[in-house]
Number of protein chains: 2
Amino acid sequence: MMKKNNKKKRPTLQDVANLIGVTKMTISRYLRDPSKVSADMQKKIAVAVEELGYIPNRAPELLSNAKSHAIGILVPSLANQVFSQVIRGIERVTEAAGYQTMLAHYGYSAEREEERISFLLSYHIDGLILSESQHTPRTLKMIATADVPVIEMMDTVSPAIEQAIGIDNFDGGYQMVSAMIEKGYKNIVYLGARLDIRTQLRLQGYEKAMQENGLQAKSVMTEAPSSFSLGADLLQKTLTKYPQIDGIFCTNDDLATGAVFECQRQGIRIPQDIAIAGFHGHDFGQSMVPKLATVVTPREKIGQVTAEQLIARINGDPLTEKIIDLGFEIYHGESI
Amino acid sequence: MMKKNNKKKRPTLQDVANLIGVTKMTISRYLRDPSKVSADMQKKIAVAVEELGYIPNRAPELLSNAKSHAIGILVPSLANQVFSQVIRGIERVTEAAGYQTMLAHYGYSAEREEERISFLLSYHIDGLILSESQHTPRTLKMIATADVPVIEMMDTVSPAIEQAIGIDNFDGGYQMVSAMIEKGYKNIVYLGARLDIRTQLRLQGYEKAMQENGLQAKSVMTEAPSSFSLGADLLQKTLTKYPQIDGIFCTNDDLATGAVFECQRQGIRIPQDIAIAGFHGHDFGQSMVPKLATVVTPREKIGQVTAEQLIARINGDPLTEKIIDLGFEIYHGESI
DNA sequence: CACCACGATGTTACACGTAACATACCAGTA
DNA sequence: TACTGGTATGTTACGTGTAACATCGTGGTG
């Protein structure tokens, strides 16, 4: 008989209940809080659950509009170390608070972001953490009707739907380039990739610092995603286009590191011939020789504060701080 | 009246239907395949859906044992580049096939893995991709009762629940160390971190190569998670413990790169004084000076093949190849 | 001994999209 | 005209855990 779809149904609460001779309500109580049933019953149920290999089923409780104790996290890319650190910060908090996380990424595309948000919301998550500040109209509409707290993390400059937590990317670029200029570098080029909003803000900060000092802003940019080898490529391009530069400011540590490697390969001394600075303060930049100058950002802290705020708002606390700026540090290292 | 939980309910299919004056079944049809309703109706529904900001609700279809068109991916760590590349390979396939992915990580802990698997299964995913080969008894029981295809990726050596796709980590270690020995290095030390199963298999491969050549195996290991700075630390420890080494084989590129940096800081020449090799073939190792010798693994391919196999099995295809070995390449670079 | 309080378990109703079947209507054809 | 086939929409029943309320029994107290 049974063709290939002989899917034996999963055991339900009723199956567990039948095995013991009680109602499923008793099993439900046990699973949510074992102390709600008698000691005898606890043992019996534990055995039955184990024996049947009962797997919880979220569907029914999602139907009733109860809280799901799950939150959604949407990051643009998993390949970017920045986000894995932010996620660690988030999960340290959510885990302690008994929340599950549903993680998704969208490759910097607003359309895919929309699709992912729809997917996450369709599971009745209690809150949503985004990392971008540009969304499609439908995304905004869905977020509004979902009536779920939303926080955008990473940047505090661009306008937020409800609440933004992160750093001032514009000022980060400005401060780092100002520090380079103060050290005497004049011919500084900006290297950018993956032209997302944060990259653009850092570029603007760079431009402001150059202008203030009467220096000419120059940039070499691509829409390709960042990588170490891309940093090397971009340095080559830069040297061709602007042979007499004395410094480069990269939108992130990956590009900067790749540029450093390429200098080493070409026998260009850092920082004597060219100064190089990055953004974020990743482990590899600090291990490298020379240590990479960088804008050190509090990635894990951003995640932590974001999760704390989100859970507070899920619990009904009012939204008090629309923007939380967690600051950054300029690290000079050995490369500028 | 309404206290803080004035949650206005989300619009349901019924709400959309009421707005137009049809039954929700018509809306349901439209959402699954617009061509199933008349052209007139399509326009009206599109407007109504947009106006209400309708968000799909997965709960009811999860209740009926229909396929969810979602698969779960469980990786030990997001910080590890390896897995973000594997995930990219998976999603290229799942996206094309119309499957959504639910991503989770568990920090190399079997208990957290169990918890995450329970979470994923509770959403009625159609298939499950794991990356580890050691599981708790309850994990195995749940997988069995869930009756969902499972694939373990990354390693082909350790025993699989149903199907394993990846590379032979033992042989990877063996081949790389053999290559180093062939080049004349004799005093090779193994550097390991995060002692998961793959790290251990590579160690065993290393040991076999050393033994076969009458050389003594030595290792410096820690349970701490891999990082660039840890590579530097371990190199220092190694030099203290074994001053006259002429080569090190690291369990991954991160450690190897950190070790290279530390050598540069100490003025140790690579490979003249010490040869260094890693594992995986990451971008940064290939950009670095010197280019890092490494075991190049087909991460994206592993993800791709895994997803293809999983979807085939979800569609009822029989499991034919219990183990799929996708091979690796020994890359000599400039560091050995 | 009667009654209360409380702990333990049972009963009922509900959430919402979809498969399967039913109906209504229309054009086309013998 | 009667009948066929097909399209568009409606009707019904279903899946499963939980909140809210109901019931039962027991030990303690006046």
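Throughout, a chain's letter reflects where its sequence line sits, starting with A, and its residues are numbered from 1.
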**Asked** Rounded to the Å, how far apart are B:Ile27 CD1 and D:dA8 P?
**Response** 15 Å

**Item:** Between the first and last five pairs of the helix from C:dC1-D:dG30 to C:dA30-D:dT1, the angle of the axes, rounded to 10 degrees
**Value:** 50°

**Item:** Residue from B:Glu115, B:Glu114, B:Lys141, B:Glu111 passing side-chain hydrogen bond (donor to acceptor under 3.5 Å, both in side chains) with B:Thr136
**Value:** B:Glu114

**Between P of D:dT18 and CG of A:Asn57, the distance in whole Å** = 9 Å

**Item:** Ring geometry between A:Tyr123 and B:Tyr123 (parallel below 30°, tilted from 30 to 60°, perpendicular above 60°)
**Value:** perpendicular

**Asked** Going by atom types alone, do A:Gln81 and A:Arg299 pair a side-chain donor with an acceptor below 3.5 Å?
**Response** no

**Item:** Rounded distance in Å - NZ (A:Lys67) to P (D:dA19)
**Value:** 13 Å

**Request:** Taking only heavy atoms on the protein side, list every residue of residues 29-50 of chain A lying under 4.0 Å from any atom of DNA chain D, sorted numerically.
**Result:** A:Arg29, A:Arg32

**Prompt:** Mapping B:Glu61 and A:Glu61 to their closest nucleotides on DNA chain D, which lands nearer the 5' end?
**Reply:** B:Glu61

**Request:** Would you grab the first and last nucleotide of DNA chain C (5' to 3') that comes under 4.0 Å of any non-hydrogen atom in chain B?
**Result:** C:dC16 to C:dA20

**Message:** What verdict does the side-chain hydrogen bond (donor to acceptor under 3.5 Å, both in side chains) test give for A:His105 and B:Glu91, after you've listed the backbone C-alpha separation in whole Å, the side-chain angles of each residue and the deciding distance to 0.1 Å?
**Reply:** CA-CA 11 Å; A:His105 61 124; B:Glu91 296 197 334; 2.6 Å; yes

**Prompt:** Rounded to the nearest Å, what distance is computed from the OH atom of residue A:Tyr54 to the C1' atom of nucleotide D:dT16?
**Reply:** 8 Å

**Request:** Decide, yes or no, whether a salt bridge links B:Glu95 with A:Arg112 under the criterion of side-chain N to carboxylate O below 4.0 Å.
**Result:** yes

**Message:** Could you check whether A:Tyr99 and A:Lys67, counting side-chain N and O atoms only, form a donor-acceptor pair closer than 3.5 Å?
**Reply:** yes

**Message:** On DNA chain D, compare the nucleotides closest to B:Thr26 and A:Ser64; which residue's is nearer the 5' end?
**Reply:** B:Thr26

**Note: B:Asp196-B:Arg194 ion pair, threshold 4.0 Å (strictly below)** = no

**Request:** Please assess A:His135 against A:Glu113 for the test side-chain hydrogen bond (donor to acceptor under 3.5 Å, both in side chains), listing each intermediate value before the final yes or no.
**Result:** CA-CA 8 Å; A:His135 314 281; A:Glu113 194 206 37; 2.9 Å; yes

**Atom pair distance, as rounded to whole Å: CG in A:Leu63 and P in D:dG17** = 12 Å

